Amino acid sequence: MSRLLTNIGQLVTNDPERDGILGLLEDAAVVIENDRIGWVGAAADAPAADSVTDVAGAAVLPGYVDSHTHLVFGGDRADEFEARMAGRAYSAGGIRSTVAATRAATDDELRTRLAGFVGELHAQGTTTMEIKSGYGLGVAEESRLVRLAAEVTPEVTFLGAHVVPADYADRADDYVDLVTGPMLDACAPHARWIDVFCEAGAFTVEQSRRVLEAGAARGLGIRVHANQLGTGGGVRLAVEFGAASVDHCTFLVDGDVAALAASETVCTLLPGVEFSTRQPYPNARRLIDAGVRVALASDCNPGSSFTSSMAFCIAVAVREMGMTPAEAVCAATAGGAAALRRTDIGRVVPGARADLLQLKAPGYLHLAYRPGVPLVERVWKDGVLVVG
Ligand code: NIG
Ligand code: FE
């Protein structure tokens with residue numbers, strides 16, 4: 001089954017063989033062959049297909065790749081957000097209140113909520129989402145979260161080392177034993193990645209190292225939460241382990257930037273966090289100018305960033321973090337794919353997955369130029385129309 005999308009006013013391909021950051025094509029067409037991109041080129045040269053969709057001059061992009069979310073949880077923390085807006089600081093300890101609400105929820109309650117979030121992300125143009133555990137913090141509790149996440153995405157991250165749970169207060173090393181032993185045994189079969197929150201109030205560099213070593217020994221890929229609340233050794237630990245991504249990176253010293261620039265580790269920036277915690281935004285310009293590969297993700301979670309909108313993240317990154325609109329769109333698509341070490345998503349090239357976003361706009365610039373405006377017209381995932 002083939003479908004021709006034609007009369008595309010502006011096509012973002014992210015094809016490195018084409019010009020510019022976004023590999024733009026004007027007056028373009030794309031052929032979807034089953035779940036893959038079959039052909040990309042000028043509309044005038046398009047081959048015949050079983051069906052035709054005329055997008056009437058609209059822009060088409062790869063679907064967003066949201067490489068950092070925490071979508072399996074119970075409850076919310078609206079009260080904590082209200083207190084922060086009145087001046088209270090964000091702290092890692094808030095995670096524990098979501099742990100209590102998540103433990104209290106049934107599988108079906110969590111599954112129904114998660115399905116709602118998946119629909120919410122699709123409706124906003126996200127076609128790939130990574131989902132972390134981290135609100136269970138016990139063997140049975142974490143393994144049910146990774147199993148539930150694996151029902152909706154292959155990009156599942158085991159984050160048993162999110163924070164030390166209340167039942168292990170003052171016994172953080174014992175908790176790390178649990179995470180690297182029975183919890184990892186129970187979770188690794190359902191996960192692709194392991195992650196640790198390496199930060200004051202969560203896990204030290206040495207504890208984080210133990211977590212990453214254990215995960216790597218089980219064949220899991222490495223991701224790290226680091227340098228969110230202050231400077232520290234998390235970024236360099238991530239680079240040392242060849243992490244696919246180190247996320248947050250709000251507070252960096254020059255040595256962190258140099259280490260990232262010399263590595264294959266993607267630096268994933270999460271503007272929703274700074275928006276919602278009133279912290280300073282990370283300096284994306286400094287990273288990009290140093291040669292660091294940058295991704296943008298939502299970090300959708302009930303505490304530090306309860307947005308699932310990648311368009312919002314793009315707009316804030318442009319307005320507050322020194323990114324050009326083209327850099328921000330690339331970071332939200334191809335950058336997210338790189339952060340997941342995927343080459344089959346985040347670009348519109350023959351052979352890639354047919355994950356596409358049609359905007360109600362003539363060009364990608366409108367994503368930053370029209371913040372807060374719903375600009376999604378149609379979304380295809382694996383060649384199937386999921387929105388529109
Ligand atoms: O990515 N940094 C650690 N974890 C989450 C916060 C989760 C929460 O506050 O519930 C984050 O910001
Ligand atoms: Fe996170």
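This one's a predicted model, so the numbers in the text were calculated from it and none came from an experiment. Note that ligands are numbered from 1 as they come in the structure, with each ligand's atoms numbered from 1 the same way.
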Considering only N, O or S atoms of D299, the one closest to the Fe ion (ligand 2):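 The atom in question is OD1.
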Ring centers of F73, F117 separated by less than 6.0 Å: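 Centroid separation for F73 and F117: below 6.0 Å.
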Residue among D19, T13, L11 satisfying side-chain contact (heavy atoms from CB on, under 4.5 Å) with D15: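 Output: one option passes, namely T13.
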Between R347 and T333: side-chain donor-acceptor atoms closer than 3.5 Å: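 Per modelled atom types, R347 and T333 side chains form no pair under 3.5 Å.
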N-O pairing of E130 and K132 below 4.0 Å: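 Salt bridge: yes.
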Protein residues having a heavy atom less than 4.0 Å from any atom of ligand 1: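 Shell around ligand 1 (4.0 Å, heavy atoms): H68, H70, R77, Y90, I95, Y135, H162, F197, H225, Q228, H248, D299, N301, G303, S304.
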Opening angle between NE2 in H70 and NE2 in H68, taken at the Fe ion (ligand 2), to 10 degrees: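 Rounded to 10°, it measures 100°.
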Parallel, tilted or perpendicular, as decided by the 30° and 60° cut-offs, for the rings of Y369 and H366: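 Rings of H366 and Y369: perpendicular, over 60°.
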Plane angle bin for F312 and F275 - parallel if under 30°, tilted between 30 and 60°, otherwise perpendicular: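 Perpendicular: the ring planes of F275 and F312 meet at over 60°.
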Cationic tip of R171 above Y168 ring, under 6.0 Å, 45° of axis: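 Yes.
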